[in-house]
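Worksheet for the structure shown next.
Chain letters run A, B, ... following the sequence lines, proteins first and then strands; every chain starts at 1. Computed from heavy atoms alone, side chains included, the values below leave out hydrogens, waters and symmetry copies. Keep in mind the model is a prediction, meaning the values are calculated, not measured.
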Amino acid sequence: MRVRDLPLSAALVSHYESNGIEELYPPQAAAVEAGVAEGGRVVAAIPTASGKTFIAELAMLTAEGPALYIVPLRALAREKYETFDRLPGVSVGISTGDFDADEAELGDHDIVVATSEKVDSAIRNGAPWVERLACVVVDEVHLLGAPGRGPTLEVTLATLQRRVPDLQLVALSATVDNPEVIADWLDAALVESTWRPVSLRTGVYADETVEFDDGTDLDVVVPPTGPNDDEATEATVALVEDAVETGGQCLAFVRSRREAEALADRLAGEDLSPAPALGDELDELGGTATGRQLSECARTGVGFHHAGLRSAHRVAVENAFRDRRLAVICATPTLAAGVNVPARRVVIRDQKRYTGDSMAWIPVLDVHQMCGRAGRPHLDPFGEAVLVGDADTKAELFDRYVTADAEAVDSQFDDPEALRTHVLSVVASGFADSLDGVADVFSATYYAHQNPSVDLAELVADVVSELEAMELLDATGGTLSATTLGAQTSRQYVSPTTGARIVSGIRTIETMADEHVTARTALEIVCDTPDMHDTYLGNRERALMYQYARSHAAEFTTAMHDADPFEEWLTAVKTARILHEWTEGSDIEELVERYRIGPGDVESRVERAEWLLGAADALCAALDTDVPEFREVRALLSP
DNA sequence: TCTCCGCGTCTTTAGACAGCATGTC
DNA sequence: CTAAAGACGCGGAGA
């Protein structure tokens with residue numbers, strides 16, 4: 001099947017042909033046969049880089065009306081926006097939390113790219129463009145199974161389907177174990193394939209040999225390891241060097257941020273592919289110890305990448321790798337699911353990760369996503385993924401990751417926090433005003449599809465009484481309605497728990513002496529909510545933080561003897577302290593040194609605090625009171 | 001007396017979505 | 001079902 005045979009305009013056909021796309025890949029042809037270009041609903045469970053984007057474009061370009069492309073990450077939204085924006089005669093809009101697009105004109109575009117939360121929020125707040133959609137494409141639908149964010153996606157899709165009856169839905173998934181269940185839920189045809197444009201061989205390293213799944217072998221010379229050398233690290237170094245020496249780029253995945261940096265330092269000593277100019281450019285992005293370490297490594301062609309990096313540094317590393325100025329990136333799993341950064345070879349040194357109480361195997365799906373980064377279409381003759389093991393683990397790694405299928409995608413909707421959030425939002429946005437009404441909305445979720453025997457009304461009833469106790473919902477006379485607080489909580493897009501915590505904080509403030517209400521008070525409230533990320537509190541800092549908490553006890557809305565659990569509250573105090581020092585003029589470098597967090601962590605917490613302080617201000621209005629500190633601190637956060 | 005090494009113990013551990021309203025130029 | 005590696009600190013041996 002050829003591009004020119006598709007129902008596309010001449011301009012589009014020549015755009016594709018001039019980019020070397022003439023003949024459809026087999027999965028793309030299968031999607032066309034399943035009807036993507038004629039308004040048909042399709043779920044495509046196919047590997048990364050096998051032409052998913054083209055399938056999406058086909059659906060959106062042939063749909064008779066505006067299209068929405070839903071992604072899980074802002075960085076991905078920007079990447080797709082740029083891709084779609086290159087299509088001739090197509091107007092593209094973008095809507096994410098950090099990107100201020102003018103809402104009013106969103107409906108005028110042919111394609112809108114948005115994160116799933118942004119779409120959820122738009123639906124809740126009655127954005128008019130939602131009703132006019134003809135086509136919705138969901139990227140990475142397998143995230144339906146992600147705790148925390150999966151429920152948002154399934155409610156969003158359930159609501160979209162109800163509000164726009166003839167909507168064309170196209171869902172793109174990684175290869176998972178139960179794509180047919182997702183397809184069945186969405187009433188879509190399933191296209192399943194493992195075909196890739198660049199062949200990929202996956203193997204396990206042990207004893208100086210990589211044994212691949214296609215029966216081939218690769219010998220690697222690993223210099224004898226000294227007493228202080230880690231065997232897996234030395235093997236990783238050898239595998240990386242081998243890839244670079246034969247003209248390929250390499251991604252190395254490790255367990256933690258610190259190890260990503262350590263491996264980069266180790267590889268920098270090998271002087272693989274000098275790029276001094278890149279080091280200078282990175283230096284210009286501003287100095288923190290992490291930034292300087294990065295630029296030093298980059299001079300030798302080695303980069304590292306993790307969420308502790310400021311986003312400007314992350315983007316610079318991704319771009320430098322794409323431009324082939326970096327030969328290697330040592331990364332945590334950030335790079336596995338983010339923007340497109342393909343390499344000739346992927347080396348996965350660590351396959352276990354700390355999960356809060358013990359070391360657990362990384363999910364098969366995650367490892368497959370990392371492996372999927374191997375092989376650049378049009379640039380590499382093949383891709384290789386290597387799991388580093390040893391004689392003892394080789395067989396297990398093969399069974400667990402090379403031969404095995406990825407996990408099934410299971411709904412996480414019955415998580416209490418998710419249920420509270422969505423019951424509140426359904427009522428607050430006026431989609432239902434009774435138990436049965438809410439249950440009816442939920443009957444279209446993936447959860448209901450997977451658990452047909454669960455009594456949704458019963459599930460909802462429990463949640464409703466919780467929300468009543470939190471003063472967010474009113475259920476008198478059997479009719480459900482959101483209280484002013486509940487409406488504001490839903491509109492501000494904070495979780496019910498966060499809303500209730502802020503409200504109780506505001507009430508405590510009203511009982512406090514004026515001189516005790518300070519910036520610290522506002523920050524303590526906002527940092528003590530589940531919507532603010534925790535900041536690790538080290539053992540050594542604990543005593544100091546305890547002292548700090550005591551000396552400012554009068555300013556906090558939580559009495560120390562009431563804090564429960566105390567450790568969690570002390571963690572919130574640490575975050576509040578960091579943010580407070582930020583508002584007082586400390587720069588990232590000082591904070592990073594003082595509190596042992598990454599530059600990127602400071603950045604992300606400042607961002608969230610802005611959002612939550614805004615929500616707190618809005619909740620004040622709903623309570624008919626005013627705490628100017630919320631606005632004042634917020635203004636100080638963003639210089 | 002200073003330095004360095006060996007060894008036992010302590011510390012730390014991936015990622016990252018989201019809001020708004022009202023008037024004014 | 002399930003931890004593991006690096007940093008740190010201390011004591012002792014050697015220069």
Next item on the list: Would you kindly compare A:Arg400 and A:Arg255 by the position of their nearest DNA chain C nucleotide and give the one closer to the 5′ end?
Entry: A:Arg400
Margin query: Checking side-chain polar atoms at under 3.5 Å, does A:Asp120 have a donor or acceptor matched by the opposite partner on A:Tyr493?
Written below: yes
Checklist line | Rounded distance in Å - CD (A:Glu261) to P (C:dG6) | finding: 14 Å
Check: When the nearest nucleotide of DNA chain B is assigned to A:His306 and to A:Gly614 on a heavy-atom basis, which residue is associated with the more 5' position?
Finding: A:His306
Notebook entry, point to check: Is the base of B:dA16 touched by the side chain of A:His533 through a donor-acceptor pair closer than 3.5 angstrom?
Noted result: yes
Checklist line | Base paired to B:dT3 (Watson-Crick or G-U; both N/O distances under 3.5 angstrom) | finding: C:dA13
Next item on the list: Establish, for the pair A:Arg577 and A:Tyr595, whether the NZ or CZ atom is under 6.0 angstrom from the six-membered ring centre and no further than 45 degrees off its axis.
Entry: no
Notebook entry, point to check: Any idea which of B:dC20, B:dC17, B:dA18 is nearest the A:Arg149 side chain?
Noted result: B:dC17
Check: Is there a stack between A:Trp611 and B:dA18, judged by ring centres under 5.5 Å and planes under 30°?
Finding: yes
Note to self: Please classify the nucleic acid contact of A:Gly538 as base, sugar-phosphate, or nothing, using heavy-atom distances under 4.0 Å.
What the structure shows: sugar-phosphate
Check: Do A:Phe413 and A:Phe442 have ring centres separated by under 6.0 Å?
Finding: yes
Notebook entry, point to check: Are OP1 or OP2 of B:dA16 and a side-chain N or O of A:Arg605 less than 4.0 angstrom apart?
Noted result: no
Next item on the list: Could you let me know what B:dA14 is paired to, Watson-Crick or G-U wobble, both distances under 3.5 Å, or none if it's on its own?
Entry: none
Notebook entry, point to check: Taking CD1 from A:Ile94 and P from B:dA18, how many angstroms apart are they, rounded to a whole number?
Noted result: 10 Å
Notebook entry, point to check: Side-chain N or O of A:Ser358 less than 4.0 angstrom from OP1 or OP2 on C:dC1?
Noted result: no
Note to self: On the nucleotide B:dG15, are OP1 or OP2 found under 4.0 Å from the side-chain N or O atoms that A:Thr334 carries?
What the structure shows: yes
Next item on the list: Can you tell me the distance, in whole Å, between the CZ atom of A:Phe99 and the C1' atom of B:dA16?
Entry: 18 Å
Check: Taking only side-chain nitrogens and oxygens of A:Arg74, does any of them come within less than 4.0 Å of OP1 or OP2 of B:dA18?
Finding: yes
Check: Roughly how far apart, to the nearest Å, are C:dA5 and B:dA14 at atom P?
Finding: 15 Å
Checklist line | Distance, rounded to the nearest Å, where A:Leu76 contributes CG and B:dG15 contributes P | finding: 17 Å
Check: B:dA16 P sits how many Å from A:Tyr536 OH, rounded?
Finding: 20 Å
Check: Rounded to the Å, how far apart are A:Arg257 CZ and B:dT12 P?
Finding: 14 Å
Next item on the list: May I ask you to evaluate whether A:Arg491 reaches the phosphate of B:dA21, defined as a side-chain N or O under 4.0 Å from OP1 or OP2?
Entry: yes
Next item on the list: Sort out the partner of C:dT2 for me: Watson-Crick or G-U wobble, both distances under 3.5 Å, none otherwise.
Entry: none
Notebook entry, point to check: In whole Å, what is the span from the CG atom of A:Leu73 to the P atom of B:dA18?
Noted result: 10 Å
Next item on the list: Name the nucleic acid region contacted by A:Arg542, choosing base, sugar-phosphate or nothing; use a 4.0 angstrom heavy-atom cut-off, strictly under.
Entry: nothing
Item checked: Closest-nucleotide 5' rank along DNA chain B - winner of A:Ser256 and A:Pro72 -> A:Ser256
Notebook entry, point to check: Tell me, do A:Pro599 and A:Glu603 make a side-chain contact under 4.5 Å, heavy atoms counted?
Noted result: no
Next item on the list: Round to the nearest Å and state the distance from A:Leu537 atom CG to B:dT13 atom P.
Entry: 11 Å
Check: Has A:Thr332 got a side-chain N or O lying under 4.0 Å from the OP1 or OP2 atom of B:dG15?
Finding: yes
Notebook entry, point to check: Which word best sums up how the rings of A:Trp569 and A:Phe566 line up, parallel for under 30°, tilted for 30 to 60°, or perpendicular for over 60°?
Noted result: tilted
Notebook entry, point to check: Are A:Val402 and A:Leu397 side-chain neighbours, meaning at least one heavy-atom pair lies under 4.5 Å?
Noted result: no
Note to self: It should be established whether A:Arg540 places a side-chain nitrogen or oxygen under 4.0 Å from OP1 or OP2 of nucleotide B:dC10.
What the structure shows: no
Check: A:Arg314 side chain N/O closer than 4.0 Å to the phosphate oxygens (OP1, OP2) of B:dA16?
Finding: yes
Checklist line | Face-to-face stacking of A:Tyr354 with C:dA4, centres under 5.5 angstrom, angle under 30° | finding: no
Margin query: On DNA chain C, compare the nucleotides closest to A:Trp361 and A:Arg596; which residue's is nearer the 5' end?
Written below: A:Trp361
Check: Within the pair A:Asn125 and B:dC20, is there a side-chain N or O less than 4.0 Å away from OP1 or OP2?
Finding: yes
Checklist line | Derivation and outcome, side-chain contact (heavy atoms from CB on, under 4.5 Å), residues A:Ile588 and A:Trp582 | finding: CA-CA 8 Å; A:Ile588 291 193; A:Trp582 170 260; 3.5 Å; yes
